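Down below is the structure, laid out as structure tokens.
Basis for what follows: all heavy atoms, side chains included, without hydrogens, waters or symmetry-related copies. These figures come from a predicted structure and were not determined experimentally. Quick note: residue numbers are just sequence positions, from 1.
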Amino acid sequence: MRNCSGSAKLFDVDFVWFVLFAALIVAMLWGSYKIEPHYASKDGTRFMCNAQELADGEALTRNKETRVTVMHDGSLHCSQKHKLRRDASLWTLVGKSADPPRGVEVYLAQQLTDGRALPGQLALRLPKKSRVVPVLDQILADRELKQARRAPGTPSPVDRPDPD
């Protein structure tokens, strides 16, 4: 005679393993969406982070993986994924968030086209401990110093990138 309780127990164990496997897959998918990509070169002038385009303080796009190169004049060359290709554009830093989320620094950049600033902005999200943070802070400090040296009452044009 065969014992039926053994096969029922086997079914229960298989079901438990299936549920645990499915829970593991769901947890890994959730974790992959929560992790923010970040890479920084040793000198902090090339990095990868999440960025989001803004207009009038409202988000236009979701967070996108963005590759950024800091140019010699302090402008940022940003390349974002768009379907199967990458769109490149030139941006300049305009500020830093005063109250960013915990463990994150948020920098705001404004797009440049032919030396003119466009109305849209880009929010760059970086970990606080990134090598890039001091580089971007220095760019903002240099920009403030340039504006302080200008004569009062003169408009502050957007710094044009070097032609070379």
Quiz prompt | Non-hydrogen atoms of Val106 and Ala123 that approach each other most closely | solution = CG1-CB, 4.1 Å
Quiz item: Should the heavy atoms of other residues, nucleotides or ligands under 6.0 Å from NZ of Lys42 be counted, would the total exceed 12?
Solution: no
Quiz item: Do Val94 and Gln121 come close enough that some side-chain heavy atom pair is under 4.5 Å?
Solution: yes
Practice problem: Indicate if Tyr107 and Met48 have the same hydrophobic cluster label, given that clusters are the connected sets of ILVMFWY residues with side-chain heavy-atom separations under 4.5 angstrom. | Solution: no
Exercise. Ignoring hydrogens and angles, tell me if any N or O in the side chain of Gln80 forms a donor-acceptor pair with the backbone of Asp87 under 3.5 Å.
Key: no
Exercise. With Leu76 as reference, evaluate Thr69, Thr66, Leu93 under the side-chain contact (heavy atoms from CB on, under 4.5 Å) test and give the passing residue.
Key: Leu93
Quiz prompt | Closest heavy-atom pair and its distance - Cys49, Leu124 | solution = SG-CD2, 3.9 Å
Quiz item: Given the rule that I, L, V, M, F, W and Y join up when any side-chain heavy atoms are under 4.5 Å apart, are Phe18 and Val26 in one cluster?
Solution: no
Quiz item: Does a salt bridge link Arg86 with Glu65, judged by any charged N lying under 4.0 Å from a carboxylate O?
Solution: yes
Self-check item: Inter-residue atom distance Leu108.CG - Thr92.OG1, 0.5 Å rounding
Solution: 12.0 Å
Quiz item: Can you list the steps and then say if Thr61 with Gln52 is a side chain to side chain contact (heavy atoms under 4.5 Å, CB included)?
Solution: CA-CA 6 Å; Thr61 61; Gln52 187 172 24; 4.3 Å; yes
Quiz prompt | Val132 to Ala40 - nearest heavy-atom pair and separation | solution = CG2-CB, 3.7 Å
Quiz item: Take atom CG in Asp56; do more than 12 heavy atoms of anything else shown fall under 6.0 Å from it?
Solution: no
Quiz item: What closest approach, in Å, do Cys78 and Val68 show between heavy atoms, and which atom pair accounts for it?
Solution: SG-CG2, 3.9 Å
Practice problem: Any chance you could measure Arg131, atom CZ, to Phe47, atom CZ, to the nearest 0.5 Å? | Solution: 13.0 Å
Practice problem: Begin with the C-alpha distance, continue with both residues' side-chain angles, and end with the deciding distance and a verdict on side chain to side chain contact (heavy atoms under 4.5 Å, CB included) for Lys96 and Asp137. | Solution: CA-CA 8 Å; Lys96 182 178 178 179; Asp137 285 342; 3.1 Å; yes
Exercise. Mind checking the CG-CG spacing from Leu90 to Asp73? Nearest 0.5 Å is all I need.
Key: 7.0 Å
Quiz item: Ala51 and Leu122: which non-hydrogen atoms are nearest, and at how many Å?
Solution: CB-CD1, 3.8 Å
Quiz item: CG of Leu126 to NE2 of His38: how many Å apart, nearest 0.5 Å?
Solution: 6.0 Å
Quiz item: For Pro127, does its backbone N or O pair with a side-chain atom of Ser130 as donor and acceptor, under 3.5 Å?
Solution: no
Quiz item: Hey, what do you get for CH2 (Trp91) to CE (Met71), rounding to the nearest 0.5 Å?
Solution: 15.5 Å
Exercise. Quick one: closest heavy-atom pair of Leu54 and Ala59, and the distance?
Key: CD2-CA, 3.8 Å
Practice problem: Supply the atom-to-atom distance Lys128 NZ to Glu105 CD, rounded to the nearest 0.5 angstrom. | Solution: 4.0 Å
